[in-house]
Amino acid sequence: MSTLFLRTLRDDPADAEVPSHRLLVRAGYVRRVAPGVFTWLPLGYIVLRNVEEIVRKQMVNAGFQEVHFPALLPREPYEATGRWDEYGPTLFRLQDRKEADFLLGPTHEEMFTLLVKSEYSSYKDLPVSLFQIQTKYRDEARPRAGILRGREFVMKDSYSFDYTDGGLVESYGKHRDAYIKTFNELGLSYVICSATSGAMGGSASEEFLAPCENGEDTFVRCTACDYAANVEAVTTTPGPVADADAQQAAVVVSTPDCSTIDDLVKFANSDATLSSDGRVWKAEDTLKNVVVMLEFADGTSAPLIIGVPGDRAVDEKRLEAAVAPAAVRAFEPADFKEHPELVPGYIGPQVLGEKSPSGIRYLVDPRVVPGSAWLTGANVSDQHAFNVVAGRDFEPDGTIEAAEVREGDPCPNCGAPLTLARGIEIGHIFQLGRKYAEALDLKVLDENGKRVVVTMGSYGIGVSRAVAAVAEQSHDDKGLIWPRAISPADVHIVATSKDDAVYAAAGSLAEDLETAGLRVLYDDRRAASPGVKFKDAELIGVPTIVVVGRGLVDGVIEIKDRATDERREVPVGEAVSVILEVCS
RNA sequence: CGGGGCGUGGCGCAGCCUGGUAGCGCACUUGCAUGGGGUGCAAGGGGUCCCGAGUUCGAAUCCCGGCGCCCCGACCA
């Protein structure tokens, strides 16, 4: 270590909040060079390469073949799939000296598709899966959390090519298995969650989320069965269908100054008409109707109203996932002017729906089942209506998964309560389908000599992100704690003494361990005090720390486990074999 | 893009309100001491005080304009 290019920091860097960022900088693994852009220093680069190697090995074991595209790409393929425009400002764009447009690849669907197209033309060549480990570029609106969300990052992306839907399912399964092996080997804890396919399009999709407080995704997990899903993909269990005819007729009541659900519930419970039968009203008895404006790719827009039980907010992420690829924007005062039938604060479903005179699309939460009765807006200022029955007094155009998901909501699979947690997306696999193959005209001849569009799967692992994810999951207040598989070394030897004999012994132990096949980090710094060396060792986080020092006069060295802090003294003569065993 | 905060040696910060030639801790260099938990003493090196324009005899400090960065949110395979 006396010659290792490393400088640890005693203080936390001011710009780092999350543990992985703080510790990777403090321990001398990475340095920031621009927002969301980092340099990997020697120790950090070893860890990054270790992760990369494990990922590569598992991909190759699964039968996928590695290629390597440029990061610098021409505009045309992305023009053909529409992504040159769709990707928007997130795409790093640049021009060459002839002013031709280029981009730095944010992901490589186009290139893989074109590559296969240029080489293959028969069903006999399929299936095939190709992958690469590449630096990707995305000009994120707000890079954050250090390595977790950078603008330049390393990603492994694979693509499968099949000519039948069944083949795609099989290729997807192979990738899923390979991902499980990969993340297990990396030492990450993770949950496989149902996901929405988002901007990429496609159908079946699962995310590998590493549970962690600082994760950007929220997911649910069932307390009883193995259901897990990103909140965006959680499905709501509808209640039983009620008999609309058994319900009493809807009644309009005057509800002055009740434009919020809270006010309405309070009012309802003090109003003679509404609580005449002693009924206690709750927010969940009300039907809240939220207006948004949908903007479509062709530039048109249309209002959409979402009906949810009044005790639930509309979750914007879920809403956006549900209406994708359309974009959601707020309903402005100017929009209300164009739709006088919508009375802010008093919107009721009686005038909504594509079949209604207003023609405004109306989608409801699945809990709003046919026959259910609600307290809701009367479409007149200061008036609400109760006993408004779905299917009788209004006709939704369908259901939508947009209401917030809450801890304790029933599992769609088994009904047991769900728990909520945060996670880092470390992998995403999905069945892309034929979108890109169609756009780029990737077809092969099938058994009947007919040209068929190839169907694709797309699979990503955030390699650099995985390094940060491990750091998030595996650290304590003293520093990092690497799983052995990706640790920069197996053993960190600390020599504490001014005595040459100690350094001689530590040095030869280091050599012996290396000869025995272990990766050794040897702190031979003479000037550093023991305290500094111990602190550094803990910060750096190599899983096994060996101390050669004062015990040497008695012929023993000390072996410490970084994670558990367990220590044992071992005679020098047995050191190599004991350490080998500890490190196996 | 909305909200908040911050730009002063490599890092973390004080100084700014109340203008007077830049300071502390860490790191670095040298020496002596120390040697099992960020050790002590002493001596050093290193700064366009984000940039520009202004007020002033004099600006890190006051005024105006700009830029950058970080955090929360929006956004994001």
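Chain letters run A, B, ... following the sequence lines, proteins first and then strands; every chain starts at 1.
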- Task: Name the nucleic acid region contacted by A:Lys560, choosing base, sugar-phosphate or nothing; use a 4.0 angstrom heavy-atom cut-off, strictly under.
- Result: base
- Select base, sugar-phosphate, or nothing to describe what A:Arg465 touches, counting heavy atoms under 4.0 Å on all strands.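 Contact class for A:Arg465: none.
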Round to the nearest Å and state the distance from [X] atom [atom1] to [N] atom [atom2].
X: A:Glu140; N: B:rC71; atom1: CD; atom2: P; result: 13 Å
X: A:Glu216; N: B:rA74; atom1: CD; atom2: P; result: 10 Å
X: A:Glu569; N: B:rG36; atom1: CD; atom2: P; result: 14 Å
X: A:Leu41; N: B:rC11; atom1: CG; atom2: C1'; result: 14 Å

Counting only Watson-Crick or G-U wobble pairs whose two distances fall under 3.5 Å, which nucleotide matches [N]?
N: B:rG2; result: B:rC72
N: B:rU48; result: none
N: B:rA60; result: none
N: B:rG31; result: B:rC41
N: B:rC26; result: B:rG10

Could you go through nucleotides 68-70 of chain B and list every protein N or O atom that sits under 3.5 Å from one of its N or O atoms, giving the distance for each pair?
from   : atom 1 : to      : atom 2 : distance (Å)
B:rC69 : O3'    : A:Arg32 : NH1    : 3.1
B:rC70 : OP1    : A:Arg32 : NH1    : 3.3
B:rC70 : O3'    : A:Asp15 : O      : 3.3

- Message: Whether the side chain of A:Lys498 and the base of B:rG36 hold a donor-acceptor pair under 3.5 Å is what I'd like checked.
- Response: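 Flag unset: no donor-acceptor pair detected.
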- Query: For A:Arg144 and B:rG73, is the shortest distance between a side-chain N/O and OP1 or OP2 below 4.0 Å?
  - Reply: yes
- B:rG68 and B:rU29: how far apart are their P atoms, nearest whole angstrom?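 It works out to 37 Å between them.
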- Residues from residues 545-557 of chain A sitting under 4.0 Å of RNA chain B, heavy atoms only? A:Val547, A:Gly549, A:Arg550, A:Gly551
- Close aromatic pair by centroid cut-off 6.0 Å: A:Tyr78 and A:Tyr87: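 No - the distance between ring centres of A:Tyr78 and A:Tyr87 does not fall below the 6.0 Å cut-off.
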- Message: Which is more 5' along RNA chain B, the nucleotide nearest A:Ala141 or the one nearest A:Phe534? Just name the residue.
- Response: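 The residue mapped nearer the 5' terminus is A:Phe534.
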- Query: Do the ring planes of A:Tyr459 and A:Tyr172 sit parallel (below 30°), tilted (30 to 60°) or perpendicular (above 60°)?
  - Reply: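 Tilted, since the angle between the ring planes falls between 30° and 60°.
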- Would you please classify the geometry between the A:His175 ring and the A:Phe64 ring as parallel, tilted or perpendicular, with 30° and 60° separating the classes?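 Geometry flag for A:His175 against A:Phe64: parallel rings.
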- Task: At under 4.0 Å between heavy atoms, which parts of nucleotides 38-47 of chain B does protein reach? Answer with one letter per nucleotide, 5' to 3': B base, S sugar-phosphate only, - none.
- Result: BB--------
